[in-house]
Structures are given as structure tokens and as C-alpha cells.
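Report on the structure given below.
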2 protein chains.
Amino acid sequence: MQLVAPDFDSLFAALADRTRRDIVRRAIDSEEGVAELASHYRMSFAAVQKHIAVLERAGLVTKHRIGRRKVVRTNVETLRTARRMLDQYEELWRGRIDRMSELVNEYTRETHQ
Amino acid sequence: MQLVAPDFDSLFAALADRTRRDIVRRAIDSEEGVAELASHYRMSFAAVQKHIAVLERAGLVTKHRIGRRKVVRTNVETLRTARRMLDQYEELWRGRIDRMSELVNEYTRETHQ
DNA sequence: TCTTGATACAACCGTATGGTTGTATCAATG
DNA sequence: CATTGATACAACCATACGGTTGTATCAAGA
């Protein structure tokens with residue numbers, strides 16, 4: 001269920017920061033609001049808020065109002081999108097290996113018959 | 001065979017650019033030098049050279065002298081490192097689901113016995 | 001309704017990034 | 001060994017990024 005075309009630029013850029021990766025990790029199985037998340041890091045509330053905004057724009061987290069807090073939840077589907085992107089490289093690599101083996105086989109047939 | 005501790009910041013940052021991802025893709029199964037790679041993009045030779053330097057620092061490609069060219073090859077192992085990082089999130093997610101099912105089971109035992 | 005806890009946003013600052021052009025290095029080959 | 005094809009690097013510019021402080025919005029609860 002892919003809602004929007006994945007923007008890999010902002011997706012990988014969002015993952016290229018230790019604090020943001022840590023927020024993604026925490027938001028997988030916790031139900032913390034922005035302030036609670038911020039309390040874990042040695043930077044201002046506003047800085048963490050900006051990190052969360054970056055993650056939100058990349059589709060990596062969503063926010064949901066609960067009482068007067070806004071709880072941050074990781075969107076695992078977007079993580080899978082990134083993973084699938086890397087899997088495509090792996091497939092290309094596999095294809096390369098296969099073509100190489102094919103070449104070796106042809107060489108063997110042609111010269112050692 | 002992990003030579004250096006992976007720097008996920010520079011690794012994901014390197015992947016957060018369309019041109020660089022395309023270079024990685026090409027360098028998986030081609031044997032192009034820097035100039036040949038550069039010819040595919042509508043930017044200066046130096047710009048592409050810088051992109052390749054970013055990929056090299058992130059461990060995503062290596063350069064090998066062949067004749068008077070320097071051929072760029074993708075380091076698939078580094079791509080796998082990034083993939084494994086994302087897999088860890090998936091595992092956390094699995095663990096969360098498991099704990100939730102566990103809770104539901106306990107609830108069922110305690111109330112419906 | 002008025003307060004206030006929680007979040008959002010704007011302005012600013014230093015540094016990093018992605019691009020350019022120009023010059024320097026370096027090794028294969030005539 | 002001098003040339004030159006191929007790559008590297010330095011300097012510069014505009015814009016983006018990660019952090020700060022300060023102010024504004026917004027909805028829950030006394």
C-alpha cells in the first residue's frame with residue numbers, strides 16, 4: 001500500500017543522522033510525545049522537534065494526538081521501502097554474478113569440448 | 001569481513017542523492033572510469049568526481065587503476081551493511097508485535113478461562 | 001473562560017553540501 | 001623524455017542543515 005512515490009533523497013537523508021535514527025528506533029515500540037522523546041537527548045526541545053519534522057516529511061514517523069500530547073510512531077512501511085531499494089542493488093549484483101558464471105560456462109564449452 | 005566500524009551517517013548521507021545512487025547502480029556491473037561515468041550526467045566532470053569521492057569515503061565504491069583510467073567499482077558489502085541496519089528496525093518491530101500478541105494471550109487466559 | 005502544559009514556528013548563526021571554473025599531478029605512450 | 005589523456009584538488013558561490021533562543025498556537029482541565 002504505497003500512498004506516495006518514495007522520495008529516496010529525503011528518506012536516506014533523514015536516516016543519515018544518529019539522533020534521528022535513535023528517534024526512529026524508540027518510536028517503534030514506545031508511545032512517547034515530542035517532549036518525552038526530547039528528554040533523551042542533550043539538545044534543545046526545538047532541535048528534537050525539527051528532527052521529528054524531518055522524519056515526518058520523509059514519511060518515517062507519524063504523529064497522533066493523545067490527550068494533550070502528540071505521540072510519535074514509526075512508519076515501518078517506509079523503512080521497508082528503503083530496504084527494498086537496497087535489495088534492488090543486491091539483485092543487480094546477483095545478475096552480474098549470474099552473467100559471469102554464464103560466460104565461464106560458455107568458455108568451458110567452447111574450449112574444453 | 002568488516003574492516004572498519006560502519007559510519008551510518010556518511011553511509012546514508014551518500015545514498016541520499018539521486019546521482020550518487022545512480023553511480024552506485026552503474027558501478028555494480030560496469031567497468032567505467034571517472035570520465036566515462038561523468039559523461040552520463042549533465043554536470044561538470046569535477047562535480048561527478050566529488051560525488052564519487054563521497055561514495056568512496058562512505059565505503060560504497062572503490063577505485064582501481066586500469067591502464068590510465070581509474071575504474072570505479074561498487075562495494076556490495078557496504079550496501080549490505082546498510083541493509084542490515086534497516087533489518088534491525090524490522091526485528092524491533094517483530095519483537096513489538098510478539099509482545100503485543102503475548103499480552104493478548106495473557107488477557108485471553110485470565111478472562112476467558 | 002482562563003490557564004497552562006505541549007507543540008509549532010520564526011529568526012538567526014556557523015558549517016556542510018553541491019555545484020562551478022581553473023590549475024596541478026600523474027602515469028601511459030609516441 | 002616530453003606529451004597528453006585521465007584524474008585530483010583548490011577556491012569560490014549559493015543554498016541547505018543542525019543547532020540555538022524566543023514567540024505563537026492550541027487544546028485540556030481547573
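Computed from a predicted model, the values in this text were never measured in an experiment. Naming convention: chains lettered A, B, ... in sequence-line order (proteins, then strands); numbering from 1 in each chain.
Looking at residues two or more places apart in sequence or on another chain, you find a side-chain hydrogen bond (donor to acceptor under 3.5 Å, both in side chains) between B:Asp7 and B:Ser10. For the side-chain hydrogen bond (donor to acceptor under 3.5 Å, both in side chains) test, residues two or more places apart in sequence or in another chain that qualify with B:Arg99 are A:Asp29. By the side-chain hydrogen bond (donor to acceptor under 3.5 Å, both in side chains) test, A:Asp22 is found to be paired with A:Arg25, A:Arg26, A:Tyr41, residues two or more places apart in sequence or in another chain being considered. Shown here are the side-chain contact (heavy atoms from CB on, under 4.5 Å) partners of A:Ala35, two or more places apart in sequence or in another chain: A:Phe45. Under the salt bridge (Lys or Arg N to Asp or Glu O under 4.0 Å) criterion, B:Arg73 pairs with B:Glu31, not counting sequence neighbours. Here B:Asp17 pairs with nothing under the side-chain hydrogen bond (donor to acceptor under 3.5 Å, both in side chains) rule; sequence neighbours left out. Scored by the salt bridge (Lys or Arg N to Asp or Glu O under 4.0 Å) test, A:Arg68 finds no partners at all (sequence neighbours excluded).
Taking 4.5 Å as the limit, some side-chain heavy atom of A:Leu11 sits within range of a side-chain heavy atom of A:Thr78.
Within the model, atoms CZ of B:Arg96 and CD1 of A:Ile28 stand 9.0 Å from one another, a figure rounded to the nearest 0.5 Å. Atom CG of B:Leu15 sits about 9.5 Å away from atom CG of A:Leu15, to the nearest 0.5 Å.
Contact annotation for B:Arg20: backbone-only contact, meaning every heavy-atom pair under 4.0 Å involves sugar-phosphate atoms and none involves a base.
Under the 4.0 Å criterion applied to side-chain N and carboxylate O atoms, A:Arg69 and A:Glu32 are not assigned as salt-bridge partners.
Contacts with DNA chain D (heavy atom under 4.0 Å) in residues 37-62 of chain A: A:Met43, A:Ser44, A:Ala46, A:Ala47, A:Lys50, A:His51, listed by number. Using a 4.0 Å cutoff on non-hydrogen atoms, the parts of residues 24-34 of chain B near DNA chain D are B:Gly33, B:Val34, ordered by number. Within residues 66-74 of chain B, the residues approaching DNA chain D are B:Arg68, B:Arg69, B:Lys70, by heavy-atom distance under 4.0 Å.
Partner of B:Glu90 under the salt bridge (charged side-chain N to carboxylate O under 4.0 Å, His left out) criterion, chosen from A:Arg83, A:Arg84, A:Arg80: A:Arg80.
As a whole-Å value, the separation of B:His64 NE2 from C:dA27 P is 17 Å.
Between chain A and DNA chain D, the heavy-atom contact criterion of under 4.0 Å yields a 5' to 3' nucleotide range of D:dG18 to D:dA28.
Under the side-chain hydrogen bond (donor to acceptor under 3.5 Å, both in side chains) criterion, the residue pairs touching residues 45-61 of chain A are A:Arg20-A:His51, A:Glu56-A:Lys63, with sequence neighbours excluded.
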